[in-house]
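Take a look at the structure set out below.
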Amino acid sequence: MSPIRTQWTRLIRFVAAETAQVHIGEPVDPKLDVGLAIHQRKPVKAYEIVGSALDPSAQVTKNVLTVKELLAPLSREEVGLVRCLGLNYADHAAEANLPKPAYPVLFYKPITSLIGPEVPVTIPKHVQPVDKHLPDYEVELTIVIGKAAKNVSEADALDYVLAYTAGNDISFRYHQMAVSQWNFSKGFDNTTPIGPCLVAAHAFPDPQKVSLKTVVNGKTVQDGTTADQIFNVRQTIAFLSQGTTLLPGSIIMTGTPKGVGFVKKPPVYLKNGDDMNVWVGGGIGTLFNPVVEERGNEKAKL
């Protein structure tokens with residue numbers, strides 16, 4: 001099996017100023033942190049890509065478009081399924097006083113949880129007050145599968161990767177710690193940012209040498225590296241593909257390093273008005289999302 005090779009190196013999805021339509025494109029500036037530039041309201045231009053983000057034969061044209069609104073690099077429909085690993089960093093397991101898992105800890109998120117850059121992370125009123133429910137940040141290297149993968153070996157695993165992006169696995173610790181299944185506590189609508197761009201797998205030489213950071217209100221709260229993963233990217237894909245087909249477009253969030261808020265003393269939690277961003281190296285860049293608390297008169301059901 002040969003690796004996936006796209007015509008593009010980095011891909012963004014956006015509304016163009018020229019057309020008011022959704023396009024995909026390759027940033028004109030190959031070194032630009034697109035998420036940071038958009039956050040700073042600086043102009044971002046891209047060469048239009050004709051075709052689908054999931055089609056390696058999609059062509060990069062010479063038509064230059066201006067980004068009016070930066071979107072998640074894949075639509076919810078393109079993603080289809082979100083797989084996530086819990087407790088996949090040795091330093092994170094240690095800070096939580098939990099043993100390293102013997103096997104990858106898998107949970108799922110609904111695609112309705114996915115949002116793009118600059119979209120507010122919305123804390124539902126059912127998981128308020130925040131000082132009880134402890135909404136938390138988690139920066140994660142995120143894999144995008146590029147072709148159907150089933151019973152894949154570790155040796156061939158990277159051949160099935162289309163690209164990588166950043167993710168922020170917002171987690172509500174009260175419900176997470178109350179039960180053994182994490183899907184509910186990590187799957188609320190509009191709480192899982194991804195972006196700001198895809199970096200093609202062929203331009204991402206070693207997924208185990210990637211830096212990750214989270215910044216909340218100007219303070220760096222996570223600063224780690226994928227070298228500390230318990231199950232690396234190859235092992236993760238091989239394990240999850242056992243007897244199971246990983247479909248093109250589906251994403252795998254690969255866990256978070258130490259520095260999460262709920263283990264701090266006193267606990268740190270996200271709240272209305274917080275300014276939050278995660279950064280992942282390798283050309284992916286910065287993913288900015290403000291935090292808002294949903295308002296309304298409906299009483300909490302849980």
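Just so you know, these numbers use all the heavy atoms, side chains as well, and skip hydrogens, waters and symmetry mates.
Counting all heavy atoms, side chain and backbone alike, Lys264 lies closest to Val268 at CD-CG2, 3.6 Å. The shortest non-hydrogen separation linking Ile194 to Pro117 is O-CD, 3.8 Å. The two residues Ser250 and Arg83 make their nearest non-hydrogen contact at OG-NH1, 4.0 Å. Across every non-hydrogen atom of Pro267 and Phe262, the tightest pair is CB-O, 4.0 Å. Contact detail for Glu140 and Thr254: the closest heavy-atom pair is OE1-N, 3.4 Å. Summarising the geometry of Asp156 relative to Arg234, their closest heavy-atom pair is N-NH1, 4.4 Å, with the distance given to 0.1 Å.
Side-chain contact check for Glu26 versus Thr9: some heavy-atom pair is nearer than 4.5 Å. Contact check for Thr236 versus Leu85: side-chain heavy atoms found under the 4.5 Å cut-off. Inter-residue side-chain proximity for Leu240 and Thr244 is flagged as unmet; no heavy-atom pair is nearer than 4.5 Å. With contacts defined as side-chain heavy-atom distances shorter than 4.5 Å, the pair His175/His133 qualifies. Proximity of Pro120 to Pro290: side-chain heavy atoms (C-beta onward) are separated by under 4.5 Å at one or more points. Here the side chains of Val292 and Ile123 are not in contact, with every heavy-atom distance at 4.5 Å or above. Between Val44 and Thr66, the closest side-chain pair of non-hydrogen atoms is not below 4.5 Å. At least one side-chain heavy atom of Asn168 sits under 4.5 Å from a side-chain heavy atom of Met276.
Within 6.0 Å of atom NZ in Lys213, 12 or fewer heavy atoms from other residues, nucleotides or ligands are found, so the atom counts as exposed in its surroundings. Within a 6.0 Å sphere centred on CZ of Phe239, other residues, nucleotides and ligands contribute more than 12 heavy atoms.
Side-chain atoms of Asn272 come within 3.5 Å of backbone N or O of Glu293 as a donor-acceptor pair. Looking only at distances, no side-chain donor or acceptor of Asp136 sits under 3.5 Å from a matching main-chain atom of Val260. Thr225 places no side-chain N or O within 3.5 Å of a backbone atom of Ser211 that could act as its donor or acceptor partner. The main-chain N or O of Leu32 is found under 3.5 Å from a side-chain atom of Arg10 such that the two form a donor-acceptor pair. Between the side chain of Thr226 and the backbone N or O of Pro207 there is at least one donor-acceptor pair closer than 3.5 Å. In this structure, Thr245 contributes its side chain and Ala148 its backbone to no donor-acceptor pair below 3.5 Å. A donor-acceptor contact shorter than 3.5 Å links the side chain of Tyr137 to the backbone of Gly259. Between the Arg76 side chain and the Leu114 main chain, a donor and an acceptor come within less than 3.5 Å of each other. Using a distance-only test at 3.5 Å, with no hydrogens or angles considered, no donor-acceptor pair links the side chain of Arg13 to the main chain of Leu71. With hydrogens and angles disregarded, a donor-acceptor distance shorter than 3.5 Å links the side chain of Asn289 to the backbone of Val119.
Hydrophobic clustering of Ile, Leu, Val, Met, Phe, Trp and Tyr side chains at less than 4.5 Å, counting indirect connections, unites Tyr269 with Val121. Grouping the Ile, Leu, Val, Met, Phe, Trp and Tyr side chains by contacts below 4.5 angstrom, directly or via other members, places Val139 with Tyr164. Cluster membership check: Leu70 does not share its hydrophobic cluster with Val28, using side-chain heavy-atom separations under 4.5 Å among Ile, Leu, Val, Met, Phe, Trp and Tyr. A single hydrophobic cluster is not seen to contain both Ile251 and Val199; linkage of ILVMFWY side chains at heavy-atom distances under 4.5 Å, directly or through other members, places them apart. When hydrophobic clusters are built by joining Ile, Leu, Val, Met, Phe, Trp and Tyr residues whose side-chain heavy atoms come closer than 4.5 Å, directly or via intermediates, Val67 is not grouped with Leu36.
Atom CG of residue Leu106 and atom CG of residue Asn88 lie 11.5 Å apart, to the nearest 0.5 angstrom. Of the inter-residue distances, the one linking Ser75 atom OG with Ile111 atom CD1 reads 8.0 Å to the nearest 0.5 angstrom. The distance from the CG atom of Leu158 to the CD1 atom of Ile237 is 6.0 Å, given to the nearest 0.5 Å. With rounding to the nearest 0.5 angstrom, the OG1 atom of Thr165 is 5.5 Å from the CG atom of Leu198. From Ile252, atom CD1 reaches atom CD1 of Ile143 across 4.5 Å, with rounding to the nearest 0.5 Å. Put simply, OH on Tyr47 and NZ on Lys62 are 9.0 Å apart, with the number rounded to the nearest 0.5 Å.
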Worksheet item: For His39 and Phe288, what are the C-alpha separation, side-chain angles and deciding distance, and is it a ring-ring contact (aromatic ring centres under 6.0 Å, His included)?
Response: CA-CA 7 Å; His39 189 71; Phe288 286 86; 3.8 Å; yes
Discussion item. side-chain contact (heavy atoms from CB on, under 4.5 Å), that's the test. Do Val127 and Phe188 meet it? Break it down for me.
Written reply: CA-CA 10 Å; Val127 282; Phe188 296 117; 3.7 Å; yes
Fill in: salt bridge (Lys or Arg N to Asp or Glu O under 4.0 Å) evaluation trace for Lys125 with Glu294
CA-CA 5 Å; Lys125 50 183 171 288; Glu294 185 180 29; 3.5 Å; yes
Worksheet item: Does the pair Val15 and Gln21 meet the rule for a side-chain contact (heavy atoms from CB on, under 4.5 Å), with working shown?
Response: CA-CA 5 Å; Val15 176; Gln21 300 295 316; over 6 Å; no
Worksheet entry | From CA spacing to verdict: side-chain contact (heavy atoms from CB on, under 4.5 Å), Asn277, Leu287 | CA-CA 5 Å; Asn277 70 79; Leu287 176 59; over 6 Å; no
Fill in: Worked verdict on Lys109 versus Asp169 for salt bridge (Lys or Arg N to Asp or Glu O under 4.0 Å)
CA-CA 10 Å; Lys109 286 176 176 274; Asp169 174 20; 2.8 Å; yes
Item to complete: Dump the intermediate steps for side-chain contact (heavy atoms from CB on, under 4.5 Å) on Gln59 and Glu48, then the final yes or no.
Response: CA-CA 8 Å; Gln59 296 293 310; Glu48 183 180 13; over 6 Å; no
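A donor-acceptor contact closer than 3.5 angstrom links the side chains of Asp55 and Ser57. A donor and an acceptor atom, one from each side chain of Thr214 and Gln222, are located under 3.5 Å apart. Neither side chain, Asp275 nor Asn217, offers a donor N or O lying under 3.5 Å from an acceptor on the other. Side-chain atoms of Lys186 and Ser171 include a donor-acceptor pair closer than 3.5 Å. One side chain, Thr286 or Asp33, offers a donor N or O that lies under 3.5 Å from an acceptor on the other.
Salt bridge annotation for Arg173-Glu138: present, with a cationic side-chain nitrogen under 4.0 angstrom from a carboxylate oxygen.
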